[in-house]
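The structure appears below as structure tokens.
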Amino acid sequence: MIKVIFTEKAPAAIGPYSQAVEVNGMVFLSGQIPVNPATGEVVEGGITEQTTQVFENIKNVLAEAGLTTANVVKTTVFLADMALFGEMNAVYAKYFEGDYPARSAVAVKALPKGVLVEIESIAVR
């Protein structure tokens, strides 16, 4: 059985997809971009501020599912430019304690709304 996860504490989907879905104890989060859910706008600032907002969105979706970043086993990071990797990575490290999840990081030509970073995650119960 598939359970759709939704919270108003993260940006609503801007297309035909869910914030997250759960199947067999695995929670698949759609990519989160640095949109403030209260305003619907991209947060001001650079990669540090944007990565912080992305993780706040991820935390809120996870919380709706009864999980935390400790449950995350895999992430995929999409960056507008690999030159941003170091600054993104410094923020990323703050959101995990102990063992880190598996991760891929790639540079892409463009991201929605012209943002600098998008992160998708997989968590398990």
Side-chain angles (χ1 to χ4, degrees):
M1 172 178 264
I2 296 174
K3 177 183 177 186
V4 173
I5 313 268
F6 173 79
T7 178
E8 291 184 7
K9 295 180 181 178
I14 56 174
Y17 60 92
S18 300
Q19 288 173 331
V21 295
E22 181 173 356
V23 178
N24 298 328
M26 298 182 69
V27 179
F28 298 86
L29 281 75
S30 294
Q32 290 293 313
I33 61 174
V35 169
N36 179 326
T39 65
E41 300 296 324
V42 174
V43 296
E44 293 185 18
I47 189 66
T48 297
E49 294 80 8
Q50 288 196 13
T51 304
T52 299
Q53 183 64 57
V54 165
F55 270 103
E56 291 304 311
N57 294 341
I58 289 170
K59 281 177 45 180
N60 288 331
V61 175
L62 288 168
E64 185 66 26
L67 304 173
T68 71
T69 56
N71 297 96
V72 175
V73 296
K74 172 70 168 85
T75 63
T76 304
V77 179
F78 303 95
L79 292 166
D81 185 333
M82 284 307 282
L84 302 170
F85 182 85
E87 290 176 77
M88 176 282 301
N89 201 47
V91 175
Y92 182 102
K94 295 177 184 177
Y95 283 89
F96 297 99
E97 295 179 20
D99 296 331
Y100 294 104
R103 177 178 75 184
S104 300
V106 296
V108 296
K109 184 174 180 178
L111 290 166
K113 297 188 176 236
V115 301
L116 301 173
V117 60
E118 178 176 354
I119 301 175
E120 64 180 26
S121 310
I122 301 171
V124 296
R125 293 209 175 272

List, one per line, each side-chain donor-acceptor pair under 3.5 Å for residues 44-63, sequence neighbours excluded.
unit_1: Glu49; atom_1: OE1; unit_2: Gly46; atom_2: N; d: 2.8
unit_1: Gln50; atom_1: OE1; unit_2: Leu116; atom_2: N; d: 2.8
unit_1: Thr51; atom_1: OG1; unit_2: Ile47; atom_2: O; d: 2.8
unit_1: Thr52; atom_1: OG1; unit_2: Thr48; atom_2: O; d: 2.9
unit_1: Gln53; atom_1: NE2; unit_2: Asn57; atom_2: OD1; d: 2.9
unit_1: Glu56; atom_1: OE2; unit_2: Tyr95; atom_2: OH; d: 2.8
unit_1: Asn57; atom_1: ND2; unit_2: Ile33; atom_2: O; d: 3.0
unit_1: Asn57; atom_1: ND2; unit_2: Val35; atom_2: O; d: 3.1
unit_1: Asn57; atom_1: ND2; unit_2: Gln53; atom_2: O; d: 3.4
unit_1: Asn60; atom_1: ND2; unit_2: Lys9; atom_2: O; d: 2.9
unit_1: Asn60; atom_1: ND2; unit_2: Glu56; atom_2: O; d: 3.2

Identify all side-chain donor-acceptor contacts of residues 10-29 below 3.5 Å with residues at least two apart in sequence or on another chain.
unit_1: Tyr17; atom_1: OH; unit_2: Ile14; atom_2: N; d: 3.2
unit_1: Gln19; atom_1: OE1; unit_2: Thr7; atom_2: N; d: 2.7
unit_1: Gln19; atom_1: NE2; unit_2: Thr7; atom_2: O; d: 3.0
unit_1: Gln19; atom_1: NE2; unit_2: Ala10; atom_2: O; d: 3.2
unit_1: Gln19; atom_1: NE2; unit_2: Pro11; atom_2: O; d: 2.9
unit_1: Glu22; atom_1: OE1; unit_2: Arg125; atom_2: NH2; d: 3.1
unit_1: Glu22; atom_1: OE2; unit_2: Arg125; atom_2: NE; d: 2.8

Could you pull out all donor-acceptor pairs under 3.5 Å where a side-chain atom in residues 83-94 meets a protein atom, sequence neighbours excluded?
unit_1: Asn89; atom_1: OD1; unit_2: Arg103; atom_2: NH1; d: 2.7
unit_1: Asn89; atom_1: OD1; unit_2: Arg103; atom_2: NH2; d: 3.0
unit_1: Tyr92; atom_1: OH; unit_2: Thr75; atom_2: OG1; d: 2.8

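Counting all heavy atoms, side chain and backbone alike, Val72 lies closest to Pro101 at O-CB, 3.4 Å. Considering every non-hydrogen atom in both Glu118 and Gly31, the closest pair reads OE2-CA, 3.3 Å.
Thr76 pairs by the side-chain contact (heavy atoms from CB on, under 4.5 Å) definition with Lys74, Phe78, Ser104, Glu120, not counting sequence neighbours.
Neither Ile122 nor Val77 shares a network with the other; the hydrophobic side chains, linked directly or stepwise wherever heavy atoms of I, L, V, M, F, W or Y lie under 4.5 Å apart, form separate groups for each. A chain of hydrophobic side-chain contacts below 4.5 Å, direct or via other Ile, Leu, Val, Met, Phe, Trp or Tyr residues, connects Ile119 to Tyr100.
Under the 4.5 angstrom side-chain criterion for Ile, Leu, Val, Met, Phe, Trp and Tyr, Val43 has no cluster partners at all.
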